[in-house]
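Input: a single structure, listed below in structure tokens.
Residue numbers count from 1 along this sequence. What you see below is based on every heavy atom in this structure, not just the backbone, and it leaves out hydrogens, waters and symmetry mates. Model, not experiment: these values are computed from the prediction.
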Amino acid sequence: MRLKLYSAACLVLASAASAQVSQQANKAPPVAERRPHVDTLHGDARSDDYFWLRVKSDPAVRGYLEAENAYAEAVLAPFAPLREQLYKEMLGRIKQTDLSVPYRLRDYFHYTRTVEGKQYPIYARKRGSLDSAEQVLLDVNEMAKGQSFMSVSVYALSDDDDLLAYSFDSTGYRQYALRVMNLRTGELLPTRVSRVTSAAWAADNKTIFYTVEDSVSKRSYRVYRHVLGQPGDSLLYEEKDERFSTYVGRSRSRQYVFMYVGSLTSDEQYYLPASTPTAAWRQVAPRKENREYSADHHGDTFYIRVNDTGRNFRLVAAPASDPREQNWKEMIPHRPDVMLNGVTLFANHMVRSERQGGLPQVVITDMRSNATHKLSFPEPAYSAGLTGNVEWNTGTLRYGYQSFVTPSSIFDYDMNTRASKLLKETEVLGGYDRSRYVSERVYAKAKDGTSIPISLVYRKDVKRDGRAPMHLGAYGSYGSSSDVGFSSNRVTLLDRGVVVATAHIRGGGEMGKAWHDQGRMLNKINTFTDFIASAEFLIAQRYASKQRLVIQGGSAGGLLMGAVTNMRPDLFKAVIADVPFVDVVNTMLDETLPLTVGEFEEWGNPKKKDEYLYMKSYDPYSNLAAKDYPAILVRTSFNDSQVMYHEPAKYTARMRALKTDKNPLLLVTNLGAGHGGASGRYDRLREIALGYSFLLWQAGVEGNQVP
């Protein structure tokens with residue numbers, strides 16, 4: 001009864017809101033100033049009247065963004081009560097005071113916990129037993145006082161557990177400062193290094209290896225050695241090739257420090273004994289074009305994952321004393337239908353993380369007997385992977401599992417007895433009943449006949465008659481896999497009858513390295529046509545209709561949104577583009593911007609004519625035209641270092657000047673955050689609520705119940 005009464009109240013609210021939206025639509029949106037600017041390359045002239053928006057220091061830039069924010073808030077004002085209701089619903093499903101599953105590292109149990117009313121986690125540990133007194137190592141809430149943003153990246157303990165090296169960013173620009181804390185006294189040591197991207201301790205409890213980024217391009221390019229209490233850090237390595245970046249880490253065995261040097265398509269790795277931090281780096285194998293590899297240590301052997309004989313990688317072993325290629329011995333051959341994503345070594349076991357048929361797999365080998373078995377998972381679409389495995393000499397494997405309907409769950413698996421124990425399933429407050437929902441894996445046909453997997457979830461009482469609203473998302477770049485996971489926030493949509501779908505399009509890594517290859521460089525168009533084919537399939541199968549289909553993607557997924565909206569604006573009711581990479585040609589031509597040169601191996605180099613012309617053919621900004629577009633919500637952050645704020649700002653300004661429809665076009669800029677949006681958990685929920693309210697408005701969802 002309460003649900004029905006609430007649904008009726010929402011109908012009244014929605015009707016009132018619709019009337020107010022009509023009034024707001026009569027308000028003129030901001031019009032960005034046009035300042036003529038022309039670039040010519042390969043004989044092709046590109047006019048860009050909004051080029052000036054990239055000058056962050058120009059007061060007119062911030063003025064324009066603030067005007068767009070005010071306009072968006074005015075248009076969405078009628079939905080403020082709905083946004084607040086969505087926020088309260090989502091907050092009501094979260095156990096605000098909660099504890100992560102503790103993991104053991106040497107003599108301590110480590111965990112994070114959250115406290116109701118506080119935005120950030122608290123990092124803590126207990127010695128010997130979970131019944132011992134708690135020691136707080138980092139309270140991110142205290143670190144965030146006086147800041148609008150706070151993020152922790154490096155979190156590394158010395159081998160004696162007395163020192164913590166950590167890094168933090170207070171702007172959202174992903175520029176982290178490294179500090180070291182004496183955990184015996186709580187004192188911060190004088191060590192402070194800017195622009196740190198990674199760090200690893202040596203075994204002597206006083207030496208830290210760390211990498212730093214270039215101040216302009218944000219490429220991680222130098223490796224240093226720092227000794228506590230000693231002035232001046234030693235520069236050990238500088239990478240000159242702008243396609244390559246550097247990082248440091250420890251082997252799983254803790255016996256070696258590794259230095260990684262890699263681009264998007266080639267790798268090399270160096271090592272030195274953790275017990276001898278002043279030793280010279282030794283190379284595992286030299287870099288070669290289009291060969292990626294990574295090595296880890298076990299006993300007197302390096303196990304090396306490498307894609308020299310096939311794109312999906314094989315596993316080889318080599319003596320740690322001389323790991324050159326002529327000493328490689330194949331352990332697992334390349335398999336065209338199985339992607340070897342990674343290898344995790346324990347004292348007596350090897351665990352392979354693989355992908356087959358678009359789904360993650362976990363394969364365990366007892367290194368004493370060579371007996372091998374695979375974990376089994378019960379649902380047609382899911383996420384599964386290793387988590388919190390910091391101990392070396394253990395027979396217990398910790399893994400996580402979740403799906404569209406199963407909340408995130410942490411298991412301990414006995415690799416000897418093959419018994420699995422559920423440690424924690426994330427609690428969903430408010431009476432969540434997974435039996436009310438169904439998850440499916442279906443397949444669309446791409447233009448070239450390729451089968452494109454699509455994962456769906458919806459309430460069982462939703463009729464497949466083409467009338468249900470749908471939220472369709474995808475990413476499709478960098479070989480990154482969009483595995484399905486649980487979100488208690490998503491229940492807010494499902495219980496309003498929304499069908500939620502993820503298209504596993506080419507350019508991602510769901511089906512292996514070849515899947516990525518077929519959606520990058522001069523094959524990038526497949527990413528967009530795959531998504532369009534997926535939407536058309538879902539409409540043909542009556543999961544959705546054009547009139548109620550809302551699509552969403554972020555970053556490179558925002559490029560996807562811009563491209564498909566240009567290609568098929570008739571196919572979608574509305575679009576949500578988060579921090580979208582939509583000014584591809586201009587960004588890839590500017591090598592002073594973060595990430596540009598390193599991304600030539602994903603998108604191409606526009607200084608090459610064929611790659612320029614191909615890139616321009618799908619570039620969302622270049623292909624905006626005078627025509628009707630769907631309703632669009634664009635969201636960005638002023639301090640974004642991955643996709644600079646000016647890309648979505650220029651895109652919005654140009655579209656507003658060209659489009660011939662009266663559908664809403666909104667640009668919302670978080671003026672105090674970076675690529676990931678708000679850092680606080682409550683602030684992030686409010687951002688989600690804003691997106692959901694726009695989605696529900698455009699999809700025509702007026703009630704709280706499935707029709």
Side-chain angles (χ1 to χ4, degrees), residues 14 17-18 20-22 24-25 29 68 71-80 82-83 86 456 458 466-475 489-490 492-494 496-503 528 531-532 534-536 538-539 543-555 557-580 582 620 624-625 627-636 648 651-652 655-656 658-668 687-703:
S18 296
Q20 293 179 55
V21 167
S22 297
Q24 296 293 350
E68 286 283 5
Y71 175 69
E73 187 59 37
V75 171
L76 296 173
F79 300 100
L82 175 61
R83 276 159 57 184
L86 297 174
L456 303 105
Y458 50 90
R467 295 189 302 162
M470 171 173 279
H471 175 270
L472 174 62
Y475 185 71
N489 300 329
R490 192 187 296 119
T492 290
L493 298 180
L494 298 177
R496 286 173 168 81
V498 178
V499 178
V500 177
T502 298
F528 316 129
F531 186 86
I532 290 169
S534 298
E536 291 175 331
L538 293 168
I539 291 168
Y543 287 103
S545 67
K546 293 181 182 181
Q547 293 74 27
R548 306 189 79 181
L549 175 58
V550 180
I551 62 174
Q552 183 170 6
S555 195
L559 161 63
L560 169 68
M561 296 298 103
V564 300
T565 302
N566 281 337
M567 294 167 70
R568 288 294 307 277
D570 62 301
L571 193 56
F572 317 111
K573 172 63 177 175
V575 181
I576 302 175
D578 295 315
V579 292
V582 284
L624 288 171
K627 59 185 176 184
D628 287 359
Y629 283 94
I632 300 177
L633 170 62
V634 181
R635 297 193 286 191
T636 186
Y651 173 77
T652 302
M655 176 179 281
R656 201 181 293 293
L658 288 171
K659 75 191 194 82
T660 54
D661 61 87
K662 294 183 179 180
N663 294 323
L665 169 60
L666 307 177
L667 172 65
V668 176
E687 289 185 340
I688 294 170
L690 185 150
Y692 278 7
S693 66
F694 179 83
L695 184 159
L696 294 171
W697 167 32
Q698 291 301 314
V701 180
E702 297 183 326

Exercise for the section: Take F572 and V550 through the side-chain contact (heavy atoms from CB on, under 4.5 Å) test and state the conclusion after the steps. Expected result: CA-CA 6 Å; F572 317 111; V550 180; over 6 Å; no

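- Taking every heavy atom of both residues into account, P469 and V701 meet most closely at CG-CG2, 3.6 Å.
- Side-chain contact between V499 and L538 is absent, with no heavy-atom pair separated by less than 4.5 Å.
- Side-chain contact check for E536 versus R568: some heavy-atom pair is nearer than 4.5 Å.
- Taking all atoms of both residues into account, the shortest heavy-atom contact from L633 to G691 is CD2-CA, 4.3 Å.
- A donor-acceptor pair under 3.5 Å is formed between the side chain of R548 and the backbone N or O of R467.
- Atom CG in L549 sits 12.0 Å away from atom CD in Q698 (nearest 0.5 Å).
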Practice task
Go through V564 and V575 one step at a time and tell me if the side-chain contact (heavy atoms from CB on, under 4.5 Å) criterion holds.
Solution key: CA-CA 10 Å; V564 300; V575 181; over 6 Å; no

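- Contact of the F531 side chain with the L472 side chain is registered, since non-hydrogen atoms from C-beta on lie closer than 4.5 Å.
- Contact detail for P620 and N566: the closest heavy-atom pair is O-ND2, 3.0 Å.
- Between the side chain of D661 and the main chain of P630, no donor-acceptor pair closer than 3.5 Å is present.
- Proximity of a side-chain donor or acceptor of K573 to a complementary backbone N or O of M470 within less than 3.5 Å is not detected.
- Atom CE of M567 is separated from atom CG of L571 by 10.5 Å, given to the nearest 0.5 angstrom.
- Residues P29 and R656 meet the side-chain proximity criterion, which asks for heavy atoms closer than 4.5 Å.
- Expressed to the nearest 0.5 Å, how far CD1 of I688 lies from CG of N489 amounts to 4.5 Å.
- We find the CG-CD1 distance between L695 and I551 to be 11.0 Å, quoted to the nearest 0.5 Å.
- Between L665 and Y629, every side-chain heavy-atom pair lies at or beyond the 4.5 Å cut-off.
- Judged by distance alone, the side chain of S693 and the main-chain N or O of L690 form a donor-acceptor pair under 3.5 Å.
- In this structure, L560 and A474 approach most closely via the heavy-atom pair CD2-CB, 3.6 Å.
- With respect to E687 and R635, no salt bridge is recorded, no charged nitrogen being found less than 4.0 Å from a carboxylate O.
- Between the OH atom in Y458 and the CG atom in L494 there is a gap of 11.5 Å [rounded to 0.5 Å].
- Within the model, atoms CD1 of I632 and CZ of F694 stand 8.0 Å from one another, a figure rounded to the nearest 0.5 Å.
- Within the 4.5 Å cutoff, the side chain of W697 has heavy atoms near those of the L76 side chain.
- Using a 4.5 Å heavy-atom threshold, the side chains of L666 and Y71 count as touching.
- Taking the side chain as every heavy atom from C-beta outward, R496 and L86 approach each other to under 4.5 Å.
- Contact detail for P580 and V634: the closest heavy-atom pair is CG-CG1, 4.0 Å.
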Exercise for the section: Check the pair L559 / F528 against side-chain contact (heavy atoms from CB on, under 4.5 Å), numbers first and verdict last. Expected result: CA-CA 9 Å; L559 161 63; F528 316 129; 4.2 Å; yes

Exercise for the section: Report the C-alpha separation of L696 and F79 in whole Å, then their side-chain angles, then the decisive distance to 0.1 Å, and conclude whether the side-chain contact (heavy atoms from CB on, under 4.5 Å) test is met. Expected result: CA-CA 10 Å; L696 294 171; F79 300 100; over 6 Å; no

